[in-house]
Amino acid sequence: FFNVLIAFLLFKKAFLETGLGAVWQNVPALLLDSYFRNINILEMISSVGVITIIFGIIGFLFALRAKKKSIYVLSAFVLTDFILLALKMVDFNTGLMIFGLLLAIISSIAFDKFVLYFEMTKFNRLKKPAAVAFIILIIASLGIPSLYAAEKTINNALSNDEYTTLTWIRDNTPKMAVVLANIDEGNYIAQIAQRKNVADSYFLLAPDRYGDISTVFTTQSLVNAMNIIKKYNIDYIYFSDRTKEKYGIEEIIYARDENCFKSVFSTESAQVYRILC
């Protein structure tokens, strides 16, 4: 209750402006499912690790049986994190990271018991081979998923072509220009191109513009697109391969109108259109 009170005090402005939407960071309804996913047991097991989960549960049972006060504090954190994940009130990956960290701490209790029990048996002479086997098991259950996640992150990183296009915008457009990009790339426009965007991934105190941005990229109607372009005083459109993949398109159809749109810069991964009308 104290934490809830502090949250209300810190985010008073956000709650007054967006109501309960502030709990979900004011993320547009169309994006909620992608930002805050339902709990996926298989994904949770692969991300946290089978060993961590098994030893975490065993450690929790040992500590609970011994009535250790510390386990109640850790259990409160685990329960809170699980509830936040279930209610989609925390980003899925962030929630998993916290969940895995807490289980790793609790699993140390079970690991300590396991080592003590192992030393009491006749298998104690196999202590070194058992330790090596255990390390290999940990690498298999945690290392491989970590490498997969790292590779996925690297593949999603900004390419040289995209960076070149963004720096071209920075160096060749008016400083007060407004550049439209999809929601996921709005931060690139603000940070790398150093120009004003229409919207980005910060939603808490920002108006919902996701629908308008989607319409600009997907509509075939020049009239509909121009209404939105005039609404936000857009001067340039940043059109990348990420946008193509996001909306399942190959081109901005109405941009064929050379009286209103001009391609002023392009690379293999991104293109910049200037609004002429």
Side-chain angles (χ1 to χ4, degrees), residues 25 27-28 30-31 34-35 91 93-94 146-204 206-222 224-277:
Q25 301 174 34
V27 174
L30 295 172
L31 282 176
S34 61
Y35 272 71
D91 175 71
N93 292 324
T94 303
S146 296
L147 289 174
Y148 172 76
E151 184 181 4
K152 186 177 179 182
T153 300
I154 292 171
N155 291 335
N156 288 331
L158 204 64
S159 68
N160 288 331
D161 283 345
E162 289 172 305
Y163 184 78
T164 299
T165 307
L166 290 164
T167 53
W168 183 91
I169 294 173
R170 181 193 64 198
D171 299 332
N172 296 275
T173 62
K175 289 188 177 181
M176 298 304 293
V178 178
V179 182
L180 173 72
N182 78 61
I183 287 286
D184 301 323
E185 296 176 309
N187 293 316
Y188 298 157
I189 301 300
Q191 296 299 319
I192 301 175
Q194 297 177 13
R195 295 296 180 267
K196 184 178 179 181
N197 60 41
V198 177
D200 51 44
S201 58
Y202 180 79
F203 303 108
L204 191 55
D208 184 0
R209 297 176 175 178
Y210 180 75
D212 285 342
I213 291 175
S214 299
T215 299
V216 171
F217 285 116
T218 58
T219 186
Q220 298 184 18
S221 170
L222 176 61
N224 289 342
M226 289 307 301
N227 285 337
I228 297 173
I229 288 171
K230 296 296 183 184
K231 178 180 178 182
Y232 298 114
N233 297 315
I234 298 169
D235 301 298
Y236 295 87
I237 296 177
Y238 175 76
F239 185 56
S240 68
D241 286 347
R242 295 173 192 266
T243 302
K244 293 177 182 179
E245 184 179 353
K246 182 180 182 67
Y247 294 110
I249 58 177
E250 288 299 323
E251 63 173 327
I252 302 175
I253 294 177
Y254 56 81
R256 296 173 184 172
D257 187 338
E258 295 181 356
N259 293 319
C260 285
F261 299 90
K262 180 182 179 181
S263 178
V264 290
F265 188 81
S266 65
T267 59
E268 290 185 6
S269 301
Q271 190 171 6
V272 180
Y273 289 98
R274 181 183 176 187
I275 314 299
L276 301 176
C277 60

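Since the structure is predicted, the reported quantities are computational estimates derived from the model, not experimental observations.
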Check your understanding: What's the spacing between Asp257 CG and Cys277 SG if we round to 0.5 Å?
Key -> 6.5 Å

Review point. Are the side chains of Ile192 and Leu158 in touch, meaning some heavy atoms are under 4.5 Å apart?
Key: yes

Exercise for review: Quick one: pull up CG in Asp171 and CG in Leu166 and give me the separation to the nearest 0.5 Å.
Suggested key: 11.0 Å

Point to revise | Contacts of type side-chain contact (heavy atoms from CB on, under 4.5 Å), residue Asn233, not counting sequence neighbours | key: none

Review point. Between atom OH of Tyr232 and atom CD1 of Ile213, what is the distance when rounded to the nearest 0.5 Å?
Key: 7.5 Å

Check your understanding: Partners of Leu276 by side-chain contact (heavy atoms from CB on, under 4.5 Å), sequence neighbours excluded?
Key -> Lys262, Arg274

Check your understanding: About how many Å separate CE of Met226 and NZ of Lys231, when rounded to the nearest 0.5 Å?
Key -> 14.5 Å

Practice item. Over all heavy atoms of both residues, which pair between Arg170 and Arg195 is shortest? Give the atoms and the distance, please. Key: O-NH2, 2.6 Å

Exercise for review: Write down the atom of Glu162, the atom of Ser269, and the distance for their closest heavy-atom approach.
Suggested key: CG-CB, 4.1 Å

Point to revise | Expected output: side-chain Thr173 to main-chain Ile169 donor-acceptor under 3.5 Å | key: yes

**Study point:** Side-chain (Tyr254) to main-chain (Val216) donor-acceptor, under 3.5 angstrom
**Key:** yes

Check your understanding: Of all residues at least two apart in sequence or in a different chain, which pass the side-chain contact (heavy atoms from CB on, under 4.5 Å) check with Ile253?
Key -> Gln220, Glu251, Arg256

Review point. For Thr215, which residues count as a side-chain contact (heavy atoms from CB on, under 4.5 Å) partner, sequence neighbours excluded?
Key: Thr219, Ile228

**Study point:** ring-ring contact (aromatic ring centres under 6.0 Å, His included): pairs with one or both residues in residues 157-188, sequence neighbours excluded
**Key:** Trp168-Phe265

Exercise for review: Please report the closest heavy-atom contact between Asn197 and Gly186, naming both atoms and the distance.
Suggested key: ND2-O, 2.7 Å

Practice item. State, yes or no, whether a side-chain contact exists between Leu180 and Tyr236 at a heavy-atom distance under 4.5 Å. Key: no

Point to revise | Pairwise side-chain contact, Asp235 with Ile275, heavy-atom cut-off 4.5 Å (strictly under) | key: no

Exercise for review: Using a strict 4.0 Å threshold on nitrogen-to-oxygen distance, state whether Arg242 and Asp184 make a salt bridge.
Suggested key: no

Review point. If you measure from CD on Gln271 to OG1 on Thr243, what distance do you get to the nearest 0.5 Å?
Key: 11.5 Å

**Study point:** Any side-chain heavy-atom pair of Phe261 and Ile237 under 4.5 Å
**Key:** yes

Exercise for review: Please name all residues satisfying ring pair (Phe, Tyr, Trp, His ring centres under 6.0 Å) with Phe217, sequence neighbours left out, ordered by chain then number.
Suggested key: Tyr247

Study note, to complete from the structure: Note: Ile189 and Ala181 closest approach over all heavy atoms is CG1-CB, 3.8 Å

